Amino acid sequence: MNRATELVAALADHRRAMWLREEARLAGGDWRAASQATRAAITAAPSASPSCSPP
């Protein structure tokens with residue numbers, strides 16, 4: 001998988017986690033842990049920016 005594809009996948013995973021987080025919050029469950037792993041994946045993604053070296 002190239003870096004841009006990894007970034008898109010990380011963003012999609014995070015978006016889904018945010019959806020599940022909000023559902024958990026509305027249901028009164030533990031909503032804080034739902035996005036920590038996906039947020040970390042996005043934070044690691046700056047190396048996937050197009051301004052870096054070509055693939």
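Any value given below was found using the heavy atoms of this structure, including those in side chains, with hydrogens, waters and symmetry copies removed. This structure is a prediction, so every number in the text was calculated from the model and none was measured.
Not counting sequence neighbours, the partners of Arg16 by the side chain to side chain contact (heavy atoms under 4.5 Å, CB included) test are Leu20. With sequence neighbours excluded, no residue satisfies salt bridge (Lys or Arg N to Asp or Glu O under 4.0 Å) with Glu23.
Remark: Glu22 engages Arg25 in a salt bridge, criterion side-chain N to carboxylate O under 4.0 Å.
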